[in-house]
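Below, chain A is the first sequence line, B the second, and so on; all start at residue 1. In this text the structure is predicted, and so the values were computed from the model without any measurement.
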There are 2 protein chains.
Amino acid sequence: MLESTAILKAHHLKVTPQRLAIFKMLRHTNVHPSAETIYNSLQEDHPTMSLATVYKTLDAFVQNGLVQQLNLGEDSYRYDADTSPHSHMQCTVCKSVEDIEQLQQVAPIKQEVQELTGYQLLSEQFYFYGICPECQKTAQ
Amino acid sequence: MLESTAILKAHHLKVTPQRLAIFKMLRHTNVHPSAETIYNSLQEDHPTMSLATVYKTLDAFVQNGLVQQLNLGEDSYRYDADTSPHSHMQCTVCKSVEDIEQLQQVAPIKQEVQELTGYQLLSEQFYFYGICPECQKTAQ
DNA sequence: GTTACTGCAAAGCCTTTGCAGCTGA
DNA sequence: TCAGCTGCAAAGGCTTTGCAGTAAC
C-alpha cells in the first residue's frame, strides 16, 4: 500500500496531522464511518481537531477521488477509502456496511442500461439491503 | 389505474384534499419531485397547505408503500409513485431522473450477491449516473 | 513569505416535532 | 363524536461558511 503522505502530496494537498490521521483511519477500517464517527475515534489522539475540519478534509478527499462518499439513506454520509468500483451491502438490523468487490454481473447490467436508455453512462451505485449472517443467527 | 381515493382508503389513510392532491400529482408525473417541488407546484390550488403537511403526507405514503423515497445524493429526497421494483438513472448535466423498468440483469446480480455474502437479501437500490441523450446533443 | 489549513462559532438547509384547531369518517 | 390530519412556528441534526490565527511548503 502506498504511503498516505505520498498520496496526499501527489494530489497537491498539504499534509497536516489532521489529514493524515483521517486518511489513515479510513484506509485501515472497513466500517464505512460517518464524519462524526471519524471525529469521535480521533478525539483521543487529536483532541483539538474540530468536526468542521473533518468535514472540510473529507470534502477535499472526495474532490480528489481519494475517498468515496456513500449515501445509504441514513441521516448522514459514510466514507470509504476503497475507491475501486464496488457495491455496498447494509444489514438492516445492525446497520453495518460491507463492500462487495468484483461482482461479475455488474458489466452485463451496465450494458443493458446503456442500450436501453441511450445515456452516456458515467458511474453507478448499487446498494443492497438485507440481514447479515450474524444477525440471522441471533434472530433464530 | 385505480382511483387514488380508493387506494388511500385501502391503507386506512384519511382522505384529505391535501393528500389527494399530493398523491395524484405524484402519480401523474415522471419528474421524481422533491418535497419542495411538490409543495411549490401545488401552491396555486392549495395555497394554505404547509410544507410540513407535505412532509408528513409523504412519510405516511412511504410507510404504507404507496410511494418510494429516492436518495440520489442530492441535498433532498425525491419521491416516486411507481412502486414496482425498478432502477433510476440521473443525468449529471440536467439533473433529471428517469425510471428504468424491468432490467433483465437484475435477477442475476441479486443472486450473485446473495451467494457471495450470505445475506438474506431484502431490497436493493441501483442508481446510474450519466448524460442523457438530450444533453449529449447540446454538448456537441 | 505565501498559500492554504485549522478551529471556533454561527449560519444554512432539509426535515421533524409540538400543539391547538379543524375535519373526515 | 373523535381519531387523526393540518398548519404554524420552533426545534433538530447534519453540513457548510466566515474569519482570524496558524502551520506547511
Can you measure [X] atom [atom1] to [N] atom [atom2] for me and round it to whole angstrom units?
X	N	atom1	atom2	answer
A/Leu13	D/dC25	CG	C1'	13 Å
B/Arg78	C/dT15	CZ	P	12 Å
A/Leu20	C/dT6	CG	C1'	15 Å
A/Leu8	C/dT6	CG	C1'	16 Å
A/Asp75	C/dT16	CG	C1'	11 Å
B/Lys14	C/dG24	NZ	C1'	5 Å
A/Leu72	D/dC14	CG	C1'	16 Å
B/Arg19	C/dG24	CZ	P	12 Å

[X]: what forms a side chain to side chain donor-acceptor pair (under 3.5 Å) with it, not counting sequence neighbours?
X	answer
A/Gln63	A/Asp59
A/Tyr129	none
A/Gln105	none
A/Glu101	A/Ser84

Exercise for the section: Decide yes or no for B/Tyr127 and A/Asn71: does some side-chain heavy atom of the first lie under 4.5 Å from some side-chain heavy atom of the second? Expected result: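 Answer no - side chains too far apart.
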
Handout entry: Pairwise 5' ranking along DNA chain C for B/Ser76 and B/Pro17, keeping only the more 5' one
Key =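 Per heavy-atom nearest nucleotide, the more 5' residue is B/Ser76.
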
Exercise for the section: Output every pair passing side chain to side chain donor-acceptor pair (under 3.5 Å) with a member in residues 39-49 of chain A, not counting sequence neighbours, ordered by first then second residue. Expected result: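 Of all non-adjacent pairs touching residues 39-49 of chain A, none passes side chain to side chain donor-acceptor pair (under 3.5 Å).
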
Handout entry: Residue-level proximity of residues 32-71 of chain B to DNA chain C when a heavy atom falls under 4.0 Å
Key =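 Result for residues 32-71 of chain B: B/Ala52, B/Tyr55, B/Lys56, sorted by number.
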
Exercise for the section: Check whether any side-chain nitrogen or oxygen of A/Gln18 sits under 4.0 Å from OP1 or OP2 of D/dA23, and answer yes or no. Expected result: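 So the side chain of A/Gln18 is outside the cut-off, no N or O lying under 4.0 Å from OP1 or OP2 of D/dA23.
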
